[in-house]
2 protein chains.
Amino acid sequence: MKIQQEEPLSKECIQQLRAIKDTMELLSGKWKIQIMGTLLRGGTMRFMELKRTLNGIAPKKLSNDLQELELNKLITRTVKDTKPITVEYSLTEHGKTLDNLIVEIIDWGLNHRKEIIKK
Amino acid sequence: MKIQQEEPLSKECIQQLRAIKDTMELLSGKWKIQIMGTLLRGGTMRFMELKRTLNGIAPKKLSNDLQELELNKLITRTVKDTKPITVEYSLTEHGKTLDNLIVEIIDWGLNHRKEIIKK
DNA sequence: TTTAATAGTTTCCTAAAGGAAATTAGTATC
DNA sequence: GATACTAATTTCCTTTAGGAAACTATTAAA
């Protein structure tokens, strides 16, 4: 039996696996990337606008996810003193850097659907 | 009070939200993208190699995720009749199309870590 | 014969995610 | 005064994700 000699992982490789972990911890789940994608296309949006666009999301879930995204500096939350009050959400500059990633997610998803249907 | 008149979502927009859903359903979770990223760099790998590389994954989780990825045609599983038997996993052509997406995930994760540390 | 490696499976458990429905509180329209 | 819209919060519940530990079965080395 051959003894399996594996080289230890390179520093770069370990960093890359950590980067994947970091990104996925922020964005995993059913709704977060849909929220970010919606804000990326729609610009500034109100709570109810988001809720209607993200067909099917429960208000609690939307509220929770928005809070998490705000904590991670990806969106800002602004209360307007209209009557009744409205609350506006928009992407931070840092949040906008997700653009390329979201485009890739969309492109891959569209292509994957084609792949699956093809067979 | 102003009646809120929102245009219905464009067909394209609905398709894009669906594409995000599709992609995230396949790849959400703690380990799947790490598995795909590892196979993308490492080429063909055996079960125990993957387990060692993905530091901390439970064998049940690895086994389950590999099965799901195989069902979705992203990887292939090949049993070799070596003694003891070994099982090799590698990416399908379709699986390899995740390359760009994974690169974006890594890039964004690296940049995000810099952003957070900066402050 | 004991130990260890191969690739898992099984069982049991906890934690996290997510949904449904009701509620809150201020304002505005009918 | 009743109803509805704003943006949530609260409570309750179910489902899914994920981890720890033990176990299986084959083979090979010490």
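This one's a predicted model, so the numbers in the text were calculated from it and none came from an experiment. Lettering of chains follows the sequences in order, A, B, ..., and the numbering in each one begins at 1.
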For [X] and [N], give me the distance from atom [atom1] to atom [atom2], rounded to whole Å.
X     : N      : atom1 : atom2 : value
A:R46 : D:dA8  : CZ    : P     : 11 Å
B:L66 : C:dA7  : CG    : P     : 11 Å
A:L54 : C:dG18 : CG    : C1'   : 15 Å
B:N64 : C:dA7  : CG    : P     : 17 Å
B:L62 : C:dG8  : CG    : C1'   : 10 Å
B:K51 : D:dG19 : NZ    : P     : 12 Å
B:M24 : C:dA17 : CE    : C1'   : 14 Å
B:M48 : C:dT9  : CE    : P     : 14 Å

[X] side chain N/O closer than 4.0 Å to the phosphate oxygens (OP1, OP2) of [N]?
X     : N     : answer
B:R77 : C:dG8 : yes
B:Q67 : C:dT9 : yes
A:S63 : D:dT9 : yes
B:R52 : C:dA7 : no

Contacts of [X] that satisfy side-chain hydrogen bond (donor to acceptor under 3.5 Å, both in side chains) - sequence neighbours left out:
X     : answer
A:R77 : A:Y89
B:T92 : none
A:T44 : none

Open item on the list: List the residues meeting side chain to side chain contact (heavy atoms under 4.5 Å, CB included) with B:L62, not counting sequence neighbours, and say none if there are none.
Closed with: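 Expected list: B:I35, B:F47, B:L50, B:K51, B:L54, B:I57, B:L66.
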
TODO: Describe, as an angle rounded to 10 degrees, how the axis at the first end of the helix from C:dT1-D:dA30 to C:dC30-D:dG1 is tilted relative to the axis at the last end, five pairs per end.
DONE: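 Between the first-five-pair axis and the last-five-pair axis there is 10°.
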
- [ ] Measure the OG1-CD distance between B:T76 and B:E70 for me, rounded to the nearest 0.5 Å.
- [x]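 It is 7.5 Å, given to the nearest 0.5 Å.
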
Task: Matching residue for B:M24 among B:L27, B:I20, B:L26 - test: side-chain contact (heavy atoms from CB on, under 4.5 Å) - done: B:I20

- [ ] Identify, between A:I57 and A:I85, the residue whose nearest nucleotide on DNA chain C lies closer to the 5' end.
- [x] A:I57

Open item on the list: Tell me which pairs pass salt bridge (charged side-chain N to carboxylate O under 4.0 Å, His left out) where either residue lies in residues 11-35 of chain A, with sequence neighbours left out.
Closed with: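 Pairs touching residues 11-35 of chain A that pass the test: A:D22-B:R113, A:K32-A:E68.
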
Task: Pairs meeting criterion salt bridge (charged side-chain N to carboxylate O under 4.0 Å, His left out) with involvement of residues 58-67 of chain A, two or more places apart - done: A:K61-A:D65

TODO: Counting heavy atoms from C-beta on, name the nucleotide in D:dG19, C:dT6, D:dA7 closest to the side chain of B:A58.
DONE: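 So the nucleotide nearest the side chain must be D:dG19.
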
Open item on the list: Side chain of B:P59 only, heavy atoms from C-beta on: which candidate in C:dT9, D:dA8, C:dT6 is closest?
Closed with: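 Of the options given, the side chain of B:P59 lies nearest C:dT9.
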
Report, one line per pair, each donor and acceptor closer than 3.5 Å where one atom sits in a side chain of residues 95-104 of chain A; sequence neighbours left out.
{"residue": "A:K96", "atom": "NZ", "partner": "A:E93", "partner atom": "OE2", "Å": "3.2"}
{"residue": "A:T97", "atom": "OG1", "partner": "A:H94", "partner atom": "O", "Å": "2.5"}
{"residue": "A:T97", "atom": "OG1", "partner": "B:W108", "partner atom": "NE1", "Å": "2.9"}

Identify the pairs formed between an N or O of the protein and an N or O of nucleotides 16-18 of chain D at a distance under 3.5 Å, and give each distance.
{"residue": "D:dG18", "atom": "OP1", "partner": "B:K30", "partner atom": "N", "Å": "2.8"}
{"residue": "D:dG18", "atom": "OP2", "partner": "B:K61", "partner atom": "NZ", "Å": "2.7"}

Open item on the list: Check whether B:T53 reaches the backbone of B:E49 with its side chain - one donor and one acceptor, N or O, closer than 3.5 Å.
Closed with: yes

